[in-house]
Amino acid sequence: MLIRLAGDPHNFRSLQSTLRAFKPAPASTDADPTSSKTYIWNARLRELAGGGLHLETLALFRRMFLPQNPLPDAFSLPFALRSAAALSLPLTASSLHSFALKSGYLPGDPFVLSSLLSTYARISLLLPLAHSLLYEICATASSTPIPTLIVCFNSVISGHTFPSGDALTLFIHMRRRRDLPFNSITLLALFPVSPLFSIPSLHALTVSSGFQSVPAVANCIITSYAKSGDVNLAQNVFNEMPAPRELITWNSLISAYSQNGLANHVLNLFDEMHISREVQPDPITLVGVLSSCANLGARAFGLRVEAFILTTTNAFSSNTFLKNALINMHARCGNLSRAQEIFDEMPDRNIVSWTAIISGLGMHGHGESALKMFDEMLLQGVRPDGALMVSVLSACSHSGLTVRGTELFSKMKNVYGILRRPEHFACMVDLLGRSGKLREAMELISSMPMDPDGAVWGALLSACKIHRNVELGETAFEHVVELEPTNVGYYVLMSNIYSDAQNLHGIARIRAMMKIRGLRKDPGYSCMEYKGRVQMFLADDHSHQQAKSIYQMVSTLENFARKVENRGAKMVDSDIQVLGIHSEKLAIAFGLLNTEPGTEILVIKNMRVCENCHLFIKLVSKIVDRRIVVRDASRYHHFAEGCCSCKDYW
DNA sequence: CTAGGGTTAG
């Protein structure tokens with residue numbers, strides 16, 4: 001039915017009017033105008049489409065309808081269809097459909113048929129049409145050869161852009177109802193658009209059908225597991241692959257780690273890749289590595305990567321993705337001026353570059369400069385997007401620019417036309433909350449057009465901690481715990497609110513809740529970078545190879561801490577005992593053992609440093625010849641735990 | 001000469 005419908009000659013006229021809307025191709029892109037041979041025109045179409053010049057492809061295709069030129073044939077159509085898909089032009093696509101029918105290439109020609117389906121599937125507006133067309137082909141044309149049918153299913157499956165049941169349903173239909181075999185390309189198309197719960201069973205199917213030995217399919221499975229957070233399963237797939245594994249395989253696992261916050265694993269894997277000599281890194285590898293350096297504050301490692309980039313070819317050093325990653329790395333590892341330098345020298349900035357530099361400025365408390373950059377960006381005609389606004393709003397929040405932030409927040413909707421998502425509301429709650437406007441923050445939450453998420457209530461909760469508001473804190477806590485019952489950070493935050501209010505009942509209640517729910521506070525850890533490697537210490541951790549001398553150093557430091565004082569504050573035996581062996585103590589001891597006097601010991605910690613430990617570090621700092629800097633890791637992630645960075649800790 | 005596919009930034 002659809003085939004007939006689209007065959008209306010009226011549609012054929014719309015092909016010509018649609019194509020006429022395009023500018024004619026420049027002279028250099030013309031086929032030899034004197035040629036009457038269709039294949040010469042087709043070769044030119046192929047060149048243009050292959051080079052991504054889709055407008056030019058369609059223009060050339062249109063010229064073939066001029067009287068002196070040969071008409072397009074079945075070989076010309078797929079090029080035009082592919083370009084229509086790339087430009088997402090539904091009318092052009094359906095006109096091409098009509099032309100194909102009128103010229104008799106459909107429904108018989110398998111190539112035209114499959115490229116038409118692929119085009120329909122890639123234009124989101126026409127995806128439902130692709131479905132019905134596919135069912136129609138299955139129902140009517142029993143003459144369609146099986147390989148072509150498989151290609152048709154593959155095309156429509158890959159036309160889906162986000163995980164839903166639809167593609168999976170199609171796949172089940174393909175196998176159960178049509179009894180069609182599938183191939184590796186079916187799997188490559190299917191994995192990325194299947195719901196996460198179905199990944200393990202699809203993996204099993206892949207193994208039983210023998211397609212796991214196709215590297216591309218295995219890579220695809222690694223990525224799918226990474227998306228569903230099953231890093232271990234992703235790792236298993238990688239380990240089961242025979243060496244030498246291809247670059248994309250390594251990159252897939254690096255991204256899997258990096259997207260799941262396992263920054264240390266990324267650096268280790270990168271080393272392993274180097275040592276195994278299986279492959280050489282490419283820009284994609286390095287983007288993942290640099291982002292992990294940024295998350296860890298692994299400055300020396302990041303600098304090594306940068307040095308490597310500078311020794312490579314242009315393809316690396318001019319890569320925009322890579323430059324964005326470098327800006328991010330430098331900003332988060334404390335070298336804002338280098339970040340600014342790279343940004344200033346970039347000829348081809350994109351929205352991500354602006355986001356990186358603005359969030360860097362914001363993170364370091366340069367809210368005014370961040371806003372200046374934002375204005376500059378607008379002047380250059382770059383349209384802000386949702387992610388950029390998160391860094392702009394949080395820059396305001398970190399610098400106390402409440403009025404400007406509020407203005408920008410309302411401009412988002414009214415001027416820039418950006419959909420305001422929960423993370424933007426979380427920024428605003430944080431902004432208002434930090435400046436003590438708890439009631440307004442609460443009102444904003446009530447006015448949200450969508451249900452507030454954990455980050456929103458978490459921002460309110462941490463504002464309640466700052467301003468010691470137990471009552472509102474309890475409200476925020478109730479909500480946040482319902483939304484994210486296993487996020488331990490919120491329990492700790494609420495417990496600290498009670499502790500400030502000396503509400504022992506409250507503390508006991510929170511402890512009991514955590515116990516009943518089987519929650520344990522995440523182990524505290526501290527990281528320190530040494531010789532380009534990130535050293536990680538857990539509280540009371542004896543696993544380090546230098547453990548013995550580290551513990552000796554710790555007890556030396558403890559003795560010092562008992563003797564010195566800082567503005568009247570001193571530590572006594574019981575303080576030291578209560579403090580125990582926190583991870584930062586181990587990291588600092590390690591730093592003292594392994595670095596030269598006069599250098600800086602930078603420790604990144606995953607949670608706030610307790611008062612007692614804070615004092616310990618202050619006392620120790622007075623007597624050692626190093627500068628000890630402890631930074632909270634949450635400073636390096638926006639709203640990572642629902643509460644944001646921590647100027648007030650230090 | 002023609003269709004279908006995998007890895008990258010916040």
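Note on naming: letters A, B, ... go to the chains in the order of the sequence lines (proteins, then strands), and numbering restarts at 1 for each one.
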### Task
Provide the closest heavy-atom pair for Ala121(A) versus Val156(A) in the form atom of the first, atom of the second, distance.
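Minimum heavy-atom contact is CB-CA, 3.8 Å.
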### Query
Nearest heavy-atom pair of Pro192(A) and Leu187(A): which atoms, and what distance?
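Nearest pair, atom of Pro192(A) first, then Leu187(A): CD-O, 4.4 Å.
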Taking OP1 and OP2 of [N], is either one under 4.0 Å from a side-chain nitrogen or oxygen of [X]?
X         : N       : answer
Ser118(A) : dG4(B)  : yes
Arg122(A) : dG5(B)  : yes
Thr223(A) : dT7(B)  : no
Ser291(A) : dG10(B) : yes

Just to be sure I understand the rule, does [X] reach a base, reach only the sugar-phosphate, or reach nothing, if contact means heavy atoms closer than 4.0 Å?
X         : value
Asp282(A) : nothing
Glu246(A) : base
Ala356(A) : nothing
Thr355(A) : base
Asn319(A) : nothing
Val287(A) : sugar-phosphate

From [options], nucleotide with atom closest to [X] side chain:
X         : options                 : value
Val151(A) : dT2(B), dG10(B), dG4(B) : dG4(B)
Arg82(A)  : dG4(B), dA3(B), dC1(B)  : dA3(B)
Cys220(A) : dG4(B), dG10(B), dG6(B) : dG6(B)
Ser115(A) : dG4(B), dA3(B), dT7(B)  : dA3(B)
Ala216(A) : dT7(B), dG6(B), dG4(B)  : dG6(B)
Phe75(A)  : dG6(B), dG5(B), dT2(B)  : dT2(B)
Ser255(A) : dT7(B), dG6(B), dC1(B)  : dT7(B)
Ser158(A) : dA3(B), dG5(B), dC1(B)  : dG5(B)

### Query
Got a second to check how far Leu126(A)'s CG is from Ser94(A)'s OG, nearest 0.5 Å?
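The OG atom of Ser94(A) is 7.5 Å from CG of Leu126(A), to the nearest 0.5 Å.
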Can you tell me how far [atom2] of [N] sits from [atom1] of [X], to the nearest Å?
X         : N      : atom1 : atom2 : value
Leu113(A) : dT2(B) : CG    : P     : 18 Å
Ile150(A) : dG4(B) : CD1   : P     : 15 Å
Met273(A) : dT8(B) : CE    : P     : 14 Å
Tyr105(A) : dA3(B) : OH    : C1'   : 17 Å
Asn154(A) : dA3(B) : CG    : P     : 14 Å
Ile248(A) : dT7(B) : CD1   : C1'   : 5 Å
Asn183(A) : dG6(B) : CG    : P     : 13 Å
Phe191(A) : dT7(B) : CZ    : P     : 13 Å

### Message
Please check this pair: side chain of Asp73(A) against backbone of Phe75(A), looking for a donor-acceptor N/O pair closer than 3.5 Å.
### Response
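Here the side-chain-to-backbone pair exists.
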### Residue of the set Trp250(A), Tyr257(A), Tyr225(A) for which ring pair (Phe, Tyr, Trp, His ring centres under 6.0 Å) holds with Phe238(A)
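The ring pair (Phe, Tyr, Trp, His ring centres under 6.0 Å) with Phe238(A) is passed solely by Trp250(A) among Trp250(A), Tyr257(A), Tyr225(A).
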### Message
When you measure only distances, ignoring hydrogens and angles, does the side chain of Asp385(A) come within 3.5 Å of the base of dG10(B) through a donor and an acceptor?
### Response
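Side chain to base: pair present.
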### Query
Can we call the ring centroids of Phe425(A) and Phe409(A) under 6.0 Å apart?
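Between Phe425(A) and Phe409(A), the centre distance is under 6.0 Å.
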### Query
Taking the six-membered ring of Phe79(A), is the NZ or CZ of Arg82(A) close enough (under 6.0 Å from the centre) and on axis enough (within 45°)?
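No - Arg82(A) does not lie over the ring of Phe79(A) by the 6.0 Å and 45° rule.
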